[in-house]
Number of protein chains: 2
Amino acid sequence: MENTHRSGCPINLTLEVLGDRWSLIIIRDIMFGNRRHYRELLNHSEEGIASNILADRLKRLVENGLLSRRDDPSHRQKAIYSLTEPAIQLVPLFAQMGAWGRRHMPVSDELSIRAELLEEGGPPMWKEFMAELRTLHLDAPAAGPSVLAGLQAAYEEVVARKKAG
Amino acid sequence: MENTHRSGCPINLTLEVLGDRWSLIIIRDIMFGNRRHYRELLNHSEEGIASNILADRLKRLVENGLLSRRDDPSHRQKAIYSLTEPAIQLVPLFAQMGAWGRRHMPVSDELSIRAELLEEGGPPMWKEFMAELRTLHLDAPAAGPSVLAGLQAAYEEVVARKKAG
DNA sequence: AGCAACCGATTGCAAAACGCAAGTGGTTGC
DNA sequence: GCAACCACTTGCGTTTTGCAATCGGTTGCT
């Protein structure tokens, strides 16, 4: 028993694992941006995470069972980070966080379009998205059209429209 | 422009306001435990928050518009903290956090019964609960039976059963 | 074979946040 | 008048964060 918890409350325990300023950012980038390597997470980070923080969080998230890490067969030094089933089940939480942020915080258009679609899609879309994440991260059999591709296309359309207009 | 944000992403902005180990704990205690005074939050804290951290978080949450603070007419020194509408709209987020924690973390029975009921009740119950919170915190007109009382009764029943059994 | 670019981190260091215990100045009830 | 209570604050040692530079190893290109 290395780990002593503050309390057995579900909300507290969730906060003990995910309650900091970076853990969910990293999971978000893996989930919605399909960034699977350390270097991708570091260089494309919208929020500018520091390399030591990223390394620490990846380690903690793997220890806590939210990510898995395996070697990349294409490069002896590369590691591939994947979502685990518990992390995939954070989709509804992300949807609610996005919906709340969109309503109450000064979000930007291009970065909130995905949250908007995810909110409008509701639980059926979340389930579909989770199934897709399982095929990407857990080697589950693929099925149906891609929610991720739809979200990405919508994002790129907003970016393009902003650039044009 | 006092505040510079890491990015305009809704999830990031939500984390900038709520992404620490205490802010949501405090809102949870006000929301589900109806603790409205500093001393109540401090002394009945399941997780043992320190007094300076509590003071700092209350200040920040008021500054960020999640709580409001007003004088208690019954005691010149007492302050009453209330949820604002943005904080009340965190109910679905709490429901998802509780559901996730219950599935993936070592929760205790008596502290997770409320999360279970909130999950089972689904969006209709959340809406009802939010309406009730508005009457408690925003002086909205009261209506219907009390979700909060139901959650509290269920919690106390589990506690009593544990004590007896 | 040599070399630049890239790989996932690690290190050093200063600043900020945290956690604990004690204390502050004031109010209330008896 | 006095103990209990009120919302906080202070001091201080520990931990975490953020930033920049660096590490030893791998890869692709020539």
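Here is how names work: the chains are called A, B, and so on, in the same order as the sequence lines, proteins then strands, and each is numbered from 1.
- Straight-line distance from the NZ atom of K78(B) to the P atom of dC8(D): 13 Å, rounded to whole Å.
- Contact check, R69(B) against dC8(D): a side-chain N or O comes under 4.0 Å of OP1 or OP2.
- Considering all non-hydrogen atoms of both residues, M125(B) and L118(B) come closest at SD-CA, 3.9 Å.
- Side-chain contact check for R69(A) and Y81(A): at least one donor-acceptor pair (N or O, by modelled atom type) lies under 3.5 Å.
- Minimum heavy-atom separation, S7(B) to E16(B): N-OE2, 4.0 Å.
- Between R6(A) and S74(B), the residue anchored closer to the 5' end of DNA chain C is R6(A), taking for each the nucleotide with the nearest heavy atom.
- When rounded to the nearest whole Å, the span between CD1 of I53(A) and P of dA9(C) equals 15 Å.
- The S51(A) side chain lies nearest to dA20(D) when the options are dC6(D), dA20(D), dT27(D).
- Non-hydrogen atoms lying under 4.0 Å from DNA chain D are contributed by H37(B), Y38(B), R39(B), all within residues 27-48 of chain B.
- What separates CZ of R21(A) from C1' of dC18(C) is a distance of 15 Å, to the nearest Å.
- Note: CD1 (I26(B)) to C1' (dC18(C)) measures 13 Å, nearest angstrom.
- In this structure, CG of N52(B) is placed 19 Å from P of dC6(D), rounded to the nearest angstrom.
- With hydrogens and angles ignored, a donor-acceptor pair under 3.5 angstrom links the side chain of Q77(B) to the base of dG26(C).
- A salt bridge does not link E110(A) with R161(A): none of the charged nitrogens is closer than 4.0 Å to a carboxylate oxygen.
- Where W22(A) and A55(B) meet DNA chain D, the nucleotide closest to each residue was compared, and A55(B) sits on the side nearer the 5' end.
- Rounded to whole angstrom, the span from the CD1 atom of I49(A) across to the P atom of dG8(C) amounts to 14 Å.
- Ring to ring, F32(B) and F129(B) are close: their centroids are under 6.0 angstrom apart.
- The separation between D56(A) atom CG and dA9(C) atom P is 12 Å, rounded to whole Å.
- In this model, the phosphate group of dC18(C) is approached by a side-chain N or O of R57(B) to a distance below 4.0 Å at OP1 or OP2.
- Looking only at distances, a side-chain donor or acceptor of E132(B) sits under 3.5 Å from a matching main-chain atom of L148(B).
- Geometric assessment of R6(A) against the ring of W22(B) yields a positive cation-pi assignment under the 6.0 Å and 45° thresholds.
- Taking atom CG on L54(A) and atom P on dG18(D), their separation rounds to 12 Å, with Å as the unit.
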